[in-house]
Amino acid sequence: MNDVVAARAEPVRPTLKPIRLIDEKGAPVKGAERAGFTLPSPEVLLGLYRRMVMARRFDVQVTALTRQGRLATYPSALGQEGCEIGAVSSLGENDWLFPTYRDSVALLTRGVPPVQILSSFRGEWHMGFDPYEHRISPQATPLATQALHAVGLATGAKLKGDEVVALTLLGDGATSEGDAHEAFNFASVWQAPVVFVVQNNGYAISVPFSKQSHARTLADHAIGYGMPGYFVDGNDVAAMYAVTSAAVQNARAGGGPTLIEGLTYRIESHTNSDDPTRYRSPHEVAQWRQRDPIARLETYLRASGALSDALFDEIAAAAEQLAAATRDAMNTEPVLDPLELFDHVYATERPALREQREYLARELAAAEPAPADVSSTESISTASGSIA
Amino acid sequence: MNDVVAARAEPVRPTLKPIRLIDEKGAPVKGAERAGFTLPSPEVLLGLYRRMVMARRFDVQVTALTRQGRLATYPSALGQEGCEIGAVSSLGENDWLFPTYRDSVALLTRGVPPVQILSSFRGEWHMGFDPYEHRISPQATPLATQALHAVGLATGAKLKGDEVVALTLLGDGATSEGDAHEAFNFASVWQAPVVFVVQNNGYAISVPFSKQSHARTLADHAIGYGMPGYFVDGNDVAAMYAVTSAAVQNARAGGGPTLIEGLTYRIESHTNSDDPTRYRSPHEVAQWRQRDPIARLETYLRASGALSDALFDEIAAAAEQLAAATRDAMNTEPVLDPLELFDHVYATERPALREQREYLARELAAAEPAPADVSSTESISTASGSIA
Amino acid sequence: MTIVDRTALGSPAGPTPAGSADSGSADSGSADASGAPHPAAPAPALISLSIAGALNAALRDALADDPSVVVFGEDVGPLGGVFRVTDALHATFGESRVWDSPLAESGIVGTAIGMAMYGLRPVIEMQFDAFSYPAFEQITSHLAKMRNRTKGRVSLPVVIRIPYAGGIGGVEHHSDSSEAYWTHTPGLTVVTPSNPADAYSMLREAIASDDPVIFLEPKSRYWAKDTLVLPVRTAPMARAQVLREGADVTLIAYGPTVKTALEAAALAELEGLSVEVVDLRSLSPFDDETVGASVQKTGRAAVIHEAAQFGGYGAEVAARVTERQFFHLQAPILRIAGFDVPFPSPKQEEHYLPTAERVLAALDTWEW
Amino acid sequence: MTIVDRTALGSPAGPTPAGSADSGSADSGSADASGAPHPAAPAPALISLSIAGALNAALRDALADDPSVVVFGEDVGPLGGVFRVTDALHATFGESRVWDSPLAESGIVGTAIGMAMYGLRPVIEMQFDAFSYPAFEQITSHLAKMRNRTKGRVSLPVVIRIPYAGGIGGVEHHSDSSEAYWTHTPGLTVVTPSNPADAYSMLREAIASDDPVIFLEPKSRYWAKDTLVLPVRTAPMARAQVLREGADVTLIAYGPTVKTALEAAALAELEGLSVEVVDLRSLSPFDDETVGASVQKTGRAAVIHEAAQFGGYGAEVAARVTERQFFHLQAPILRIAGFDVPFPSPKQEEHYLPTAERVLAALDTWEW
Ligand SMILES: Cc1ncc(C[n+]2csc(CCOP(=O)(O)OP(=O)(O)O)c2C)c(N)n1
Ligand SMILES: Cc1ncc(C[n+]2csc(CCOP(=O)(O)OP(=O)(O)O)c2C)c(N)n1
Ligand SMILES: [Mg+2]
Ligand SMILES: [Mg+2]
């Protein structure tokens, strides 16, 4: 026992300051803050830039559509593009992504069409894309639950001998759930090819990080699982990409899981229905707007000469096109078949469910213009008549 | 955000080698391995010795009674007395203990009468003592669940302004449960006066530590919660007592929670019904028998002159008395009232439950010598008649 | 008395839960109630109050009356909860009485158990119904069993508030009705109010109870208003209430379906059918007496709920009422419930939820 | 054919679960079965096999036949599970097919879901019934809903084996019957065998199913033996089976209470009552056809289970059979079930568990 324990080498220890390759002013970082990571090539950085611009435009568009009532809800990732895009861009084609409700732009980056991403937020069905086509699991709502699915899938791939890595995104709040712990632990014990990316955006709805954790950094959790942990500036897409890519490569090479914390900020409200003025100051938001991940990379790329005005305009135009396509897509009301409620519950047919399906079919067939609304004021008066 | 994170000081880091004050040969340890802790006074050590001897004798006696079928089950703590007694002896009278099924000897040390400890293992009722009398919660079976109760109680005491510390015992296996994580996290965020003592006895039933965790030491988890962590030789009762006492004092002074891992070994089977030959070698067990916590302290105390032959005999005699009393207690069959099944489910009376109580009362009243056993072989033949 | 109209329920593609809460949160009733933490304040006024406002007032009064009451959970502090039921409590009572916990439901219930062992009366919130599931073990294995386990020595006066059921266009996991899980678990008391007065009164009673109470709040009715005087005390929470008298059939409803039942009764009246409506209020215990008396009178009954029919709470209602009233029944007890499918997406929930029309159609299946 | 006698069930103060498992684990049937991993092996022999042995054989054969089947959970590796149901599988198939996981039920179910998404067929174990509760969220919010959520694109062929119910003198948390929680959850299939042949056949069918299956193993019956030939295929698992024909009353039972029902039928015969016994086998779906036909014939029915009566599975049985057969019923359907209290300690369980005598007493309450 004693020996078993002592024999385990200490894994990479998260740094106290977040790893950074490009600083908040857009200048390349030198020295210790890089923690040994190097700046990706200009081509890669331009690709990340393009993806972030597209993501931002998409996000802004969808938020606007949501305010217009075209979607039931939409959790924006505005301000988190560095974290989202940096992380998800590290994945290969055969790798899997396990996202949350917050990560629509990660799906966009991986090629899921807007109309399919937004299907669930429009309230049509619980999800709108084919997980196998895109190698993306449904966007999880129950917090931290998807992290275990990622570990399971990665382990399944490993058992089958496939070189597949699973990356899962988690919020800072989600790390408090028991499932996050179980996922970290199963992954490290099984040495599963998984990368955990915690997007610490400062809040879980209204609850600030200081009430969520007493840790120096959430990446410190890695130590307790004997896995490498990295604390990264989540608004530096270059750093997020570099660190996540290294973790993906390490996982693919059999090196097991990695925990990465990206420090970022949710600029928008939690969802359209949230009221952030109740729990944070405009000053704080303004400060974080200064640390915009896109502006930062743009400054760097322009300074380094990689981003010309022409390219800038081309990308901006592509983003506008995406926004227009997204608006158009939301203009088309999909035809929903109520009877589909019954069709996917079981693989094996059930007579009793068929009966219920037939019941609804009859009801729909019989449906005429809705009957007059009979307001039952009287009867509720009776109810309150019994009030002491 | 950034500032909040960076402002947190790094807490005590667990050492790579377990903290030890008396070595395996019974000699006092000097230098780094002590991690700054000092040997308790001879009086304290004698007290710990006495408690361990009593605990061992009790444990052996109960295991024997269980083999004779006098108890339904008994999870022995043989070999873990250093851990159990060292930890629980650090508590003051107003402090609370949240034990597991494994920790009967900790209850004994805290003064719970044997007959009350064993009530649940005899199958009489789910527990046999008054939690408020002894400030001990019921011995938890669902793993890690009690750790949250400890955090809650400690927080409740803190809110009320009482200087109460809660100590909870957990197994190595239990640390894998989500509840362990949630307890560690709630405790550190709330700075609750709690001490978590993980008894790493090498196994969770048959599963070795290597399949439970990939950590260097379970105490390393502390870092991820920003709380102090200590990795201790659990078979050195002096070290367990010193470290746990410091943690209790720190908690009482408002310093928040501590995570302590005691490295120890379960000499007996998991419970009487386990078959450890299926998963561990006699050699391994023999090795750990060499590291007996009682023998170690005895050597030290005899060498230091604190333990005379007379005192040794006195303690041994007291232990025998305890064993005899325990045997006697198990000879008395308690009278159980079946109708009590209904009496403690709710504080508020329920007519429907009263009906069920009356039903059972009538049934009991009508009970005559049991009717002849009608073996229904035929009918089951019919069942298998349908087998293809 | 004002009754919230249908539009206030949120159309299927309408605002999300918290959004609707926003629009309803600043209701005057709540604010008035907040201004009167001491029940014995002078000149009790008739105010207009929503269910959310009444719950807020009940929490406020309980916190003011009993220093052992504490409120914690996810976002119940400064935000006031996503439905604003805990609005302004943090500001009024401070961080040591009302606070945001880390995000972990098992942790919330588990620590509440520990606090209750130490004499506190925690009122905790599960943000949405399906998010109580991570706490299932703490609720069933400990909260429900601790009192019995300790032969009554340890009481756990914990109230778990759970916004439940659909009707507000919530996305997946935001519209579950899990009452059947809790009511099957001995040791738990399970109640659900259907109107503001009951919301206030029953929550006060739940907090005062020495038993753990699962307090189910019908979220589609959060903004349904009533006029009342605080502090209001309605019937004991264990008792069902006959909300409308009738001779031909008994509709048994609770929480969100009480409105459905009343609508159905009104529609049925137009067709000449006299319908009695019973609001169960307490799901566990079940008020056999009140329901039995009604069914003996009418000879027919139907139970309405949103949860899936199979193994739903309606099964217990149907089974036990049939057991006890079999020879008074002229027809089998009907269950108008959710289909046996997962709760659907916002745009499909209208097809899933039991409606007054569906209730009437069901009554038509009986041979009269 | 040999039938295990009453003493093998473990007296209240008798051996603990694993103890009994030890004594029963080396059963010859299991060993024989182990020796024949290939179903098409020559000369199929009639062997004596316990339920535990049959389950072991089914796992062995499934592992041998389908490389995508994996078995993991707590102690299912070298130990062979605390009931020895996975005995020798680790040695035979190796660590990549059968292994011990870390100790966390939510983790076990959650990772099984991920593996199933990748095309594996995990068969996982919850060590005892109440220890499935930490996995409640993964089971209800994901395992049950993934297929529907993804419009059928993602199947989750996961089997969760759960030893359940009492009768073996288990201490607290070791004797729960939680079928009502699972059967109320759309998306889950819930089955429970009552004899060795069904144990083998139904487990094979469950593993082959593309739906997630909760496979409830009646632990008091683990050591009940039967003689049979492997591989055995009984009726499809969705179908109930009439185990004994009768004219006067239908006893509906499942898992551990099938034996109780058969005993009661035998006793009743002595009193001149002709009792039909239906073994449900599948709890979800419910076989309306078989049960309906029986009740139409007898006109009276009672359902027997160990779980608490209130909101128990018997409520659904009573409610739906009454709905469908009301005018065939001469009396209300009775429920002989556990009391509405937490499962008691070993020395008290005899008072809690439904017995044949209690069934007979219940039948006596009807006016005949
Ligand atoms: C198990 C569970 N509990 C509660 C919720 C309700 N909820 C939705 S998002 C959220 C906050 C999540 O915060 P975080 O993990 O930091 O992610 P973020 O929203 O900031 O991206 C909460 C409490 C949930 N979805 N699942
Ligand atoms: C939630 C839960 N899952 C499973 C079990 C069954 N079980 C009882 S003890 C045990 C092993 C516990 O190991 P550990 O925590 O190391 O404690 P030890 O028995 O070694 O003292 C298991 C799996 C349980 N009691 N609770
Ligand atoms: Mg966040
Ligand atoms: Mg252990």
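Lettering of chains follows the sequences in order, A, B, ..., and the numbering in each one begins at 1.
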Flag the one option from [options] with the top tally of heavy-atom pairs under 4.5 Å to chain A.
options: D:V70, D:V109, D:I113; result: D:I113
options: D:E289, D:M117, D:E137; result: D:M117
options: D:K145, D:M146, D:R324; result: D:R324
options: D:S106, D:P186, D:G152, D:P67; result: D:S106

A:E333, CD atom: more than 12 neighbouring heavy atoms under 6.0 Å: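 Yes, the 6.0 Å shell around CD holds more than 12 heavy atoms from other groups.
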Above 12 or not: heavy atoms from other molecules or residues under 6.0 Å from CD of A:E358? yes
With side chain to side chain contact (heavy atoms under 4.5 Å, CB included) as the test, would you mind laying out the steps for A:W125 and D:N148 before giving the verdict? CA-CA 9 Å; A:W125 197 267; D:N148 181 66; 3.6 Å; yes
Residue part contacting chain A, namely of [X], when any heavy atom lies under 4.5 Å:
X: D:T189; result: both
X: D:A104; result: both
X: D:I108; result: both
X: D:R320; result: side chain
X: D:S284; result: both

Taking all non-hydrogen atoms of both residues into account, name the closest pair between [X] and [Y] and its distance.
X: A:T145; Y: D:Q138; result: O-NE2, 3.2 Å
X: D:D211; Y: A:A347; result: OD1-N, 2.6 Å
X: D:G107; Y: A:L148; result: CA-CD2, 3.6 Å
X: D:L120; Y: A:G156; result: CD1-CA, 3.7 Å
X: D:A116; Y: A:Y132; result: O-OH, 4.5 Å

Is it the side chain or the backbone of [X] that comes within 4.5 Å of chain D heavy atoms, both, or neither?
X: A:V345; result: both
X: A:D179; result: side chain
X: A:P138; result: side chain
X: A:E177; result: neither
X: A:F129; result: backbone
X: A:A150; result: neither
X: A:Y346; result: both
X: A:L353; result: neither
X: A:K160; result: side chain

Taking every heavy-atom pair that is under 4.5 Å apart, which of [options] has the most such pairs with chain D?
options: A:D130, A:L159, A:T348; answer: A:D130
options: A:A147, A:S120, A:A157, A:A183; answer: A:A157
options: A:L153, A:T141, A:D343, A:V151; answer: A:L153

Atom pair [atom1]/[atom2] of [X] and [Y] - distance to nearest 0.5 Å:
X: D:S96; Y: A:K158; atom1: OG; atom2: NZ; value: 11.0 Å
X: D:D288; Y: A:R350; atom1: CG; atom2: CZ; value: 11.0 Å
X: A:W190; Y: D:W99; atom1: CH2; atom2: CH2; value: 5.5 Å
X: A:M127; Y: D:K151; atom1: CE; atom2: NZ; value: 10.5 Å

I'd like to check D:Y118 versus A:V164 (side-chain heavy atoms, cut-off strictly below 4.5 Å). Are they in contact? yes
Any salt bridge linking A:E133 with D:R153? Criterion: basic side-chain nitrogen under 4.0 Å from a carboxylate oxygen. no
Does any donor atom in the side chain of A:Q146 or D:H142 lie under 3.5 Å from an acceptor atom in the other side chain?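 Absent: no donor and acceptor within the cut-off.
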